[in-house]
Colleague: 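Take a look at this one; I'll ask things after.
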Amino acid sequence: MPVGTVGTVKAMSPRELEDIHAQIILGNTYHLYLRPGLEVIAEAGGLHNFINWQHPILTDSGGFQVMSLSGLRKIIKDGVRFQSHIDGSYHMFTPEKVIEHQNIIGADIIMSFDECPPYPATREYIERSLRLTLDWARRGKDTHKNTEKQALFGIVQGGVFLDLRENSAIQLMEMDFPGYSIGGLAVGEPKEDMIKTTAFLNTILPKNKPRYMMGVGTPVDILTHIGNGVDMFDCVMPTRNARKGSIFTRNGKMIIKSARYKSDFRPIDPECTCYTCRNFSRAYIRHLIHMNEILGMRLTTIHSLHFYLELVGMARQAILEDRYEQFANHLIPILDCIVDENKIRIE
RNA sequence: GGUGGGGUUCCCGAGUGGUCAAAGGGAACAGACUGUAAAUCUGUCGGCGGACGCCUUCGGAGGUUCAAAUCCUCCCCCCACCA
């Protein structure tokens, strides 16, 4: 799922998203609440209409902002009081209000309010945080009435402590959500911990409901966790990194702003079918990024998102053909490095 | 022709006897980025060597001094105003 925090996948028009076959995009409750404000979105008839995206949308609850804006908020039992990073005004987010907000926004899949705890954190901290998040999940579920049109997911927390993860998952499953998110990962913990966690949850979470790993990840992460039964991902990396001249390809990461592409007139990936690769050279894209030109960001974003969506499409096909492990094992070492064609040539 | 002001490391620009390989900015180069306070941030940026250091550099050539980007002499070049 491409990330479109404030109601736009940065640098992309809805038509460009359709061109690369994006099926669903993300929005963020906290950011949309602050700007443009829920009144505007309500007046527009919901987020789909407001941004003219008639395909599915998933909204995050603001739980991630509990971590990313940790200097500007206070957690209490009832919820989180944020101080706006825009104008300093105070805003109380409770699990009930967060559901009401998301009812107004109207996303197809919505999230319980949670605390995304930082890493490292003590077991005591994670336990306390988890109790709160579970309480909030229950309160959110009780509040949510529009269940026919909006699927509310519960969010599994528990840090890197597997027993706490288990505890979290089981209690959420008792509440019977239509899907389960895995939160609080890729926040700085070792990769092995992340992998152990999804591998473990793979044995617990129901197989007939979607599992969404929040905020992950690199192409390698995605393939790894698909292998552990995860169905859905979102991540800012393909978009954010693309804008800064670092893109993902089937041959690994390519830092297109690098001097080595100054006079390289090949496409980013000669085999790629995206608009960018069919029409523009590495040298030109590098130039655009260096010039800080809008088109540069658009073209790199198109490519990286196209690649991500193609990658998960291939993963889906490999699963259907019962050859996923082979597929992933072949691809992961390639995707895990920086493209260096000169080096390959020497070898 | 006259008067005044200047020439500093890729560029702009500070520095007016030692603590200067020389502030600051830009460019350039190398990276980081994982439910987006991100068109952001970090590092490098004369050469050689782990560090301590050594060598080359502040328009050019001389000179003064223990010590010069900084002071003196001559020369070259630029800018402004006047004629």
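Numbers restart at 1 for each chain; the letters A, B, ... are given by sequence-line order, proteins then strands.
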Colleague: Which part of the nucleic acid does A:Lys262 contact within heavy-atom distance under 4.0 Å: base, sugar-phosphate only, or nothing?
Modeller: nothing
Colleague: Salt bridge or not between A:Asp135 and A:Lys77? Use side-chain N to carboxylate O under 4.0 Å.
Modeller: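 Counted as a salt bridge, because a side-chain N and a carboxylate O are separated by less than 4.0 Å.
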Colleague: So which nucleotide from B:A37, B:G35, B:A30 ends up closest to the side chain of A:Asp234?
Modeller: B:G35
Colleague: At 4.0 Å (heavy atoms only), tell me whether A:Ile86 reaches a base, stays on the sugar-phosphate, or touches nothing.
Modeller: nothing
Colleague: Is the phosphate of B:G35 approached by A:Gln65 (side-chain N or O, under 4.0 Å from OP1 or OP2)?
Modeller: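 False: A:Gln65 side-chain N/O out of range (4.0 Å or more) of B:G35 OP1/OP2.
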Colleague: For A:Phe177, is the NZ or CZ atom of A:Lys209 found under 6.0 angstrom from the centre of its six-membered ring and inside 45 degrees of the ring axis?
Modeller: no
Colleague: Is there a donor-acceptor contact under 3.5 Å linking the side chains of A:Glu115 and A:Ser129?
Modeller: yes
Colleague: So A:Gly4, base contact, sugar-phosphate only, or nothing? Heavy-atom distance under 4.0 Å.
Modeller: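 Counting heavy atoms under 4.0 Å across all strands, no contact is made by A:Gly4.
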Colleague: Counting heavy atoms from C-beta on, name the nucleotide in B:G31, B:A39, B:G35 closest to the side chain of A:Arg260.
Modeller: B:G31
Colleague: Choose from B:A32, B:A37, B:C29 the nucleotide whose nearest atom is closest to any side-chain atom of A:Ser68.
Modeller: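 The closest nucleotide is B:A37.
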Colleague: Once you apply the 3.5 Å cut-off to both distances, tell me the Watson-Crick or G-U wobble partner of B:U65, or none.
Modeller: none
Colleague: Just call it for A:His225: base, sugar-phosphate, or nothing, with non-hydrogen atoms closer than 4.0 Å on any strand.
Modeller: nothing
Colleague: Rounded to whole angstroms, how far apart are CD1 on A:Ile182 and C1' on B:U34?
Modeller: 15 Å
Colleague: Below 4.0 angstrom, N of the basic side chain to O of the carboxylate: do A:Asp78 and A:Lys97 qualify?
Modeller: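 A:Lys97 and A:Asp78: not salt-bridged.
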Colleague: What is the separation between atom CE on A:Met237 and atom P on B:U36, rounded to the nearest whole Å?
Modeller: 14 Å
Colleague: Ignoring the backbone of A:Phe64, work out which of B:G35, B:A32, B:U34 is nearest its side chain.
Modeller: B:G35
Colleague: A:Val3 side chain: which of B:U36, B:A37, B:G35 is closest?
Modeller: B:U36
Colleague: Counting only distance, no hydrogens or angles, is the base of B:G31 paired donor-acceptor with the side chain of A:Lys253 under 3.5 Å?
Modeller: no
Colleague: If you look at every strand shown and take non-hydrogen atoms under 4.0 Å, does A:Arg286 touch a base, only sugar-phosphate, or nothing?
Modeller: sugar-phosphate
Colleague: Counting any heavy atom closer than 4.0 Å, what does A:Asp221 reach on the DNA or RNA strands: base, sugar-phosphate only, or nothing?
Modeller: base
Colleague: Does A:Arg243 make a side-chain donor-acceptor contact with the base of B:A39, cut-off 3.5 Å?
Modeller: no
Colleague: Check every atom of B:A30, B:G35, B:G31 against the side chain of A:Ile155 and return the nucleotide holding the closest atom.
Modeller: B:G35
Colleague: A:Asn241 CG to B:U34 P: how many Å, rounded?
Modeller: 8 Å
Colleague: Taking atom types as they are modelled, would you say the side chain of A:Lys244 forms a donor-acceptor pair with the base of B:C41 within the 3.5 Å cutoff?
Modeller: no
Colleague: Between A:Arg128 and A:Glu124, does any NZ, NE, NH1 or NH2 come within less than 4.0 Å of an OD or OE carboxylate oxygen?
Modeller: no
Colleague: Check whether more than 12 heavy atoms from other residues, nucleotides or ligands sit under 6.0 Å from atom CG of A:Asp322, and answer yes or no.
Modeller: no
Colleague: Can you tell me which nucleotide in B:C33, B:A37, B:G35 comes closest to the side chain of A:Ser246?
Modeller: B:C33
Colleague: Rounded to whole Å, please give me the gap between OH in A:Tyr261 and C1' in B:C29.
Modeller: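 Atom-to-atom, A:Tyr261 to B:C29, this comes out as 15 Å.
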Colleague: Provide the distance between the two C1' atoms, one in B:C45 and one in B:G26, to the nearest whole Å.
Modeller: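 After rounding to an integer number of Å, I get 13 Å for this pair.
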Colleague: Measuring to OP1 and OP2 of B:C29, would you say a side-chain N or O of A:Ser258 lies under 4.0 angstrom away?
Modeller: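 No, outside the criterion.
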Colleague: Report yes if a donor N or O on one partner sits less than 3.5 Å from an acceptor N or O on the other, where the partners are the side chain of A:Asn28 and the base of B:G35; otherwise report no.
Modeller: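 By the distance-only test, no, there is no pair.
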Colleague: Could you work out which one of B:G31, B:A39, B:U34 sits closest to the side chain of A:Met297?
Modeller: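 That would be B:A39.
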Colleague: Would you mind classifying the nucleic acid contact of A:Gln83 as base, sugar-phosphate or nothing, using non-hydrogen atoms under 4.0 angstrom?
Modeller: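 No contact at all - A:Gln83 keeps every heavy atom at 4.0 Å or more from the nucleic acid.
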Colleague: Who is the Watson-Crick or G-U wobble partner of B:U57, with both distances under 3.5 Å?
Modeller: none
Colleague: Counting just side-chain N and O atoms, does A:His290 come under 4.0 Å of either OP1 or OP2 of B:C29?
Modeller: yes
Colleague: Determine which nucleotide pairs with B:A30, using a 3.5 Å limit on both distances of a Watson-Crick or G-U wobble pair.
Modeller: B:U42
Colleague: In terms of hydrophobic clusters joined by side-chain contacts under 4.5 Å, are A:Ile182 and A:Ile170 together?
Modeller: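 Yes, one cluster joins them.
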